[in-house]
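For the numbers below, each heavy atom of this structure counts, side chains included, while hydrogens, waters and symmetry mates do not. By convention in this document, chain letters (A, B, ...) are assigned in the order of the sequence lines, proteins followed by strands, and residues within each chain are numbered from 1.
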Amino acid sequence: MRTSNFPLQTLKEVPADAEIASHRLMLRAGLIRKLAAGLYTWQPLGLRVLRKVERIVREEMDRAGALEVLMPAVQPAELWEESGRWEKYGAELLRLKDRHQREFCFGPTHEEIITDLARNELRSYRQLPINYYQIQTKFRDEIRPRFGVMRAREFLMKDAYSFHIDQDSLAATYDQMHATYCRIFERCGLDYRPVAADTGSIGGSGSHEFHVLADSGEDAIAFSTESDYAANVELAEAVAPAAAAPAPTGDMRLVDTPDARTIAELVEQFDQPIEKTIKTLIVVADDSVDAGLIALLLRGDHELNAIKAEKLPGVAEPLQMASEEQIRAAVGAGPGSLGPVDLALPMIVDRAAAVCSDFSAGANTDGKHLFGINWGRDVALPDVADLRNVVEGDPSPDGRGTLTIARGIEVGHIFQLGRKYSDAMQATVLDENGKQVTMTMGCYGIGVSRVVGAAIEQHNDEQGIVWPTAIAPFQLALVPMQMKKSERVRDAAEKLYADLQAAGIEVLFDDRDARPGVMFADIELIGIPHRVVVGERGLDKGEVEYRGRRDSENRMLPLDGFVDFIRQQVSEAIGA
RNA sequence: CGGGGUAUAGCGCAGUCUGGUAGCGCGCCUGCUUUGGGAGCAGGAUGUGGCAGGUUCAAAUCCUGUCGUCCCGACCA
C-alpha cells in the first residue's frame, strides 16, 4: 500500500475529550473518529487492525471446532420476554419499534437468539456438543461511555454459545475455550491473565475473565505471588485470620469526639491505629428483617465489597446504603458516630474486624466514640462473614503465597451458563433413552474492538503506538529519502517495495513528497513495527537502514538480503 | 440518575466579566524556495458563534429554555 493511496489521517493536536493513552492515540493516529458518544467510525488504518484481531479470533475458534453463524443484530422482544430479560435488562437495552409498533431491541448479547435457534435445529443428543459463534456488532446503552472504543456503546464482539447433553460435556468445551482464549491473546501479543470471576446467581461451576494488564484498566485483579491463583477483587476471598482476637488490655471508655465524623478524622485526631478502628455501615435489608436495616462492620482500613455484601442473607439486593434519616430513626445518631455497642440492629462483622481487640468505634450518640472495645466483653460478637475487598499482602485463598493487586482490562469472559436459558425457553433434545433432556449451555465472549484499545494501552511510548506485529496494520514501513529528486532512490525503493510484496510482507510505502521528519513521525505514531529507510547514503554501499519500532538505533543492512531478513523478523513475531 | 464543566473554522483555543457584528495556532488550498527528524516566504479559502426564545438601537457576549458533549460520583460513616 502506498501512502498516496492510503492517506494517514494523523493529528498533531488531540481532540480534548480523550483521556487515556489508547483513546488519544487512536484519534491522533487516525484509526477512529467519533460520531457521537460511544459511537466510532473505524477508518481504513484502524479497520486493518480490527480485522487482524478478528482473523486471529476466527482462526482459533475454527481450530477449536466452533461453527460460525451470523445472527440478526435486531431482535424481537418476544424472545427476551420468554427469557425474562425484557423486564430485567434495564436501560442498557436499546429498545426499538418498527412501523407496525412491534417491539425489538438492538442486541447487546445473543443468548435468546441462539437458544431459539438451538431448540429449533437440535433434536438429538447425537448433534451435541455443538459450539456456535459469531463476530458481530453489539449495542449496549452504557450509563457512561468513555475511553474511546474501550467502553463504547456500539462495539465488535465475538460471542460463542455451546450446547451440551450434560455438565461433563460443558466442562470439556469450557476448558477447551479457556485454552483457545489463551492462544488468541497470546497470538495478539498481549500480556494477559485468566482470572476467576463471579458466577453470579446463575450458578454453574465456572467463569473466567481474561484481562489485559494495564494501569488504566477498570478492574482490580488479585494474584498470588506463589501460585497461579488470580481473581477479580470483586470476587477474591479475604480469608479468615488464623489468630483469634488478642486479650483486652484495658477498659472501654466513652470519649467526646465532636469533630471526628470519619475514620480518617478519628485516626488523625485521637492517634488511633486505623486497624484498631471499626466502621459501621448501615444498609437496607430485605423483607426478612423486621428492623429494615442491617449493620455491616468493617475495620477502618478496609473497604466493603458490594458483591459479597448483597449476597448475605437479609441484605437487600442490589446493595443500598441507608439514608441519614433512616439511620437516625433507627439508631438515634447520625453516620459518623455509629458503632456495634448497644446497636439495636442486626449486625454482620467482617472476618478481620472480628479478631480486633481494644478497638474504637462510634458510640451511637452524636459526637461520641467508644475506645478500647472488645468483642465478647463489651458487645456480643455478631455473625461473621467475608465482607471486604482483599488488599495487597492478604494471604492467597488457595493457601499459597500472598496477594498482589494489579489493574486489568477485561477483554474476554467465558461462562458455564448451565440451563438458565434452555430451561426458560425449553431447549431440549432426546437423549440416548429417547427421553427429553434440557440442554446445558456455555457462553464465551471476546471484545474484539476492545482488544485493539487494550493492545495500545499496553504497547505505546512517547512517539505513539507500538503494535505487536501480529495485529499491526502494516508489518513494515518503507520510507524513501528524497525520492522525488533521486532517480536511484526511487528505483531502489520501487524494486524493494515490489520484492517485499512478492514475499508476502504487508508493507506501507511512504511515497509522499514529505519531509523526512514528517514521515518518521507519522510512521512512529501509527506504530508500524518495522521500518526501512532507502536513501542515497546507504545505496552507495548497497545498504538500507533498518529500525524496529522499539529500537533506539538504526542498523545498516545489505539491501540484497533485506527481504529475507524482514520475512524472518515478521514470521518470528507472528508465530506463523 | 446526582454534581460540575463546556459548546466560537477540520483540530486546539482566545474573545464573554465591561454588548458595537469574530480572532490566533495547527491543518487545508495556490505559487516559489526547501527536503536525513513535524520547513520558509507570499497569497488564499473556511464560521446561520449548538439550537430556540427573550432583553436591547445593537447579542458570541446579558436572561430563559433546550439539545449535544466531557469530567466526577453513584463505596461508606
Side-chain angles (χ1 to χ4, degrees), chain A residues 7-20 23-24 27-28 30 33-39 90-91 143-148 220 233-234 257 260-267 277-284 295-310 318-324 326-328 331 333-340 343 350 360-364 366-367 369 387-389 463-464 479-486 489 510 512-525 531 533-539 544-545 547 554:
Chain A
L8 302 179
Q9 311 285 7
T10 54
L11 300 173
K12 277 196 216 175
E13 285 174 303
V14 206
D17 43 336
E19 275 287 302
I20 60 170
H23 188 194
R24 259 197 315 271
L27 290 168
R28 278 196 60 206
R33 290 290 181 249
K34 186 172 84 165
L35 178 66
L39 302 177
I143 300 176
R144 196 178 150 202
R146 62 186 137 173
F147 302 150
V233 164
E234 288 179 344
T257 55
R261 286 181 50 86
T262 66
I263 290 290
E265 287 165 356
L266 190 68
V267 166
T277 61
I278 300 270
K279 58 184 175 186
T280 305
L281 312 181
I282 311 290
V283 300
V284 176
L296 304 178
L297 305 173
L298 289 160
R299 237 166 64 178
D301 56 335
H302 286 154
E303 276 183 354
L304 181 67
N305 178 310
I307 294 191
K308 292 175 182 175
E310 65 189 21
L319 187 71
Q320 197 189 335
M321 303 305 294
S323 67
E324 177 153 358
Q326 287 174 299
I327 294 172
R328 288 200 174 277
V331 183
S337 300
L338 301 176
L343 183 64
D350 179 66
S360 44
N364 299 322
D366 281 339
H369 279 73
L387 293 180
R388 68 180 176 94
N389 284 335
Q463 269 58 246
V479 184
M481 288 294 107
Q482 309 213 63
M483 185 173 73
K484 303 287 162 180
K485 279 267 180 66
S486 165
V489 169
D510 199 346
R512 293 176 294 179
D513 184 19
R515 303 172 71 82
V518 173
M519 295 195 280
F520 292 149
D522 272 352
I523 296 302
E524 280 157 9
L525 174 60
R531 181 184 84 192
V533 174
V534 176
E536 290 280 358
R537 271 185 206 171
L539 288 180
V544 292
E545 210 173 283
R547 183 147 161 183
N554 294 330

Colleague: Contact class for A:L298 vs. all strands (heavy atom < 4.0 Å): base, sugar-phosphate, or nothing?
Modeller: nothing
Colleague: Considering non-hydrogen atoms only, spot the tightest contact between A:I327 and A:P335 and give its length.
Modeller: CD1-CG, 4.2 Å
Colleague: Counting side-chain heavy atoms from CB outward, which of B:G25, B:A74, B:C76 is closest to A:M321?
Modeller: B:C76
Colleague: Is the phosphate of B:C26 approached by A:K12 (side-chain N or O, under 4.0 Å from OP1 or OP2)?
Modeller: no
Colleague: B:G38, B:C70, B:A77: which one has an atom nearest the side-chain heavy atoms of A:A37?
Modeller: B:C70
Colleague: Set out, line by line, the N/O atom pairs under 3.5 Å between protein and nucleotides 30-36 of chain B.
Modeller:
{"unit_1": "B:U34", "atom_1": "O2", "unit_2": "A:R515", "atom_2": "NH1", "d": "2.9"}
{"unit_1": "B:U35", "atom_1": "O2'", "unit_2": "A:Q482", "atom_2": "OE1", "d": "3.0"}
{"unit_1": "B:G36", "atom_1": "O2'", "unit_2": "A:R537", "atom_2": "NH2", "d": "2.8"}
{"unit_1": "B:G36", "atom_1": "N1", "unit_2": "A:E545", "atom_2": "OE1", "d": "2.9"}
{"unit_1": "B:G36", "atom_1": "N2", "unit_2": "A:E545", "atom_2": "OE1", "d": "2.6"}
{"unit_1": "B:G36", "atom_1": "N2", "unit_2": "A:E545", "atom_2": "OE2", "d": "2.0"}

Colleague: What verdict does the salt bridge (charged side-chain N to carboxylate O under 4.0 Å, His left out) test give for A:D350 and A:R388, after you've listed the backbone C-alpha separation in whole Å, the side-chain angles of each residue and the deciding distance to 0.1 Å?
Modeller: CA-CA 7 Å; A:D350 179 66; A:R388 68 180 176 94; 3.5 Å; yes
Colleague: Across the strands shown, which category fits A:I282 at heavy-atom distances under 4.0 angstrom: base, sugar-phosphate, nothing?
Modeller: base
Colleague: With heavy atoms under 4.0 Å as the rule, sort A:L281 into base, sugar-phosphate or nothing.
Modeller: base
Colleague: What I want to check is whether an N or O donor and acceptor connect the side chain of A:Q463 with the base of B:G37 at under 3.5 Å.
Modeller: no
Colleague: Students often get this wrong, so: under 4.0 angstrom with heavy atoms, is A:D522 touching a base, only sugar-phosphate, or nothing?
Modeller: base
Colleague: I'd like to know if the side chain of A:N364 and the backbone of A:G339 have a donor-acceptor N/O pair within less than 3.5 Å.
Modeller: yes
Colleague: Considering every strand shown, what is the Watson-Crick or G-U wobble mate of B:A39 when both distances are under 3.5 Å?
Modeller: B:U33
Colleague: Between B:C70 and A:K34, is there an OP1 or OP2 to side-chain N/O distance shorter than 4.0 Å?
Modeller: yes
Colleague: Can a donor-acceptor pair under 3.5 Å be found between the side-chain atoms of A:R28 and the base atoms of B:G38?
Modeller: yes
Colleague: For A:T262, which contact category applies under a 4.0 Å heavy-atom criterion: base, sugar-phosphate, or nothing?
Modeller: sugar-phosphate
Colleague: Look through every strand shown and name the nucleotide pairing with B:G65 as Watson-Crick or G-U wobble, where both distances are under 3.5 Å.
Modeller: B:C51
Colleague: Quick one: label A:L338 by what it contacts on the DNA or RNA (base, sugar-phosphate, nothing), any heavy atom closer than 4.0 Å.
Modeller: nothing
Colleague: Within the 4.0 Å heavy-atom criterion, would you say A:A306 contacts the bases, only the backbone, or no part of the nucleic acid?
Modeller: nothing
Colleague: Checking base pairs now: Watson-Crick or wobble, both atom distances under 3.5 Å. What partners B:C24?
Modeller: B:G12
Colleague: Does A:D510 pair with A:R531 as a salt bridge, N-O distance under 4.0 Å?
Modeller: no
Colleague: Looking at B:G38, B:G37, B:A74, which one has an atom nearest to any side-chain atom of A:R547?
Modeller: B:G37
Colleague: Between A:R146 and A:G300, which is nearer to the 5' end of RNA chain B once each is assigned its nearest nucleotide?
Modeller: A:R146
Colleague: Regarding B:G37, can its base be found pairing with the side chain of A:R531 as donor and acceptor, where the two atoms are less than 3.5 Å apart?
Modeller: yes
Colleague: Are A:R512 and A:L8 close enough that some pair of their side-chain heavy atoms sits under 4.5 Å apart?
Modeller: yes
Colleague: When the distance from CG of A:L387 to P of B:C75 is rounded to whole Å, what number comes out?
Modeller: 16 Å
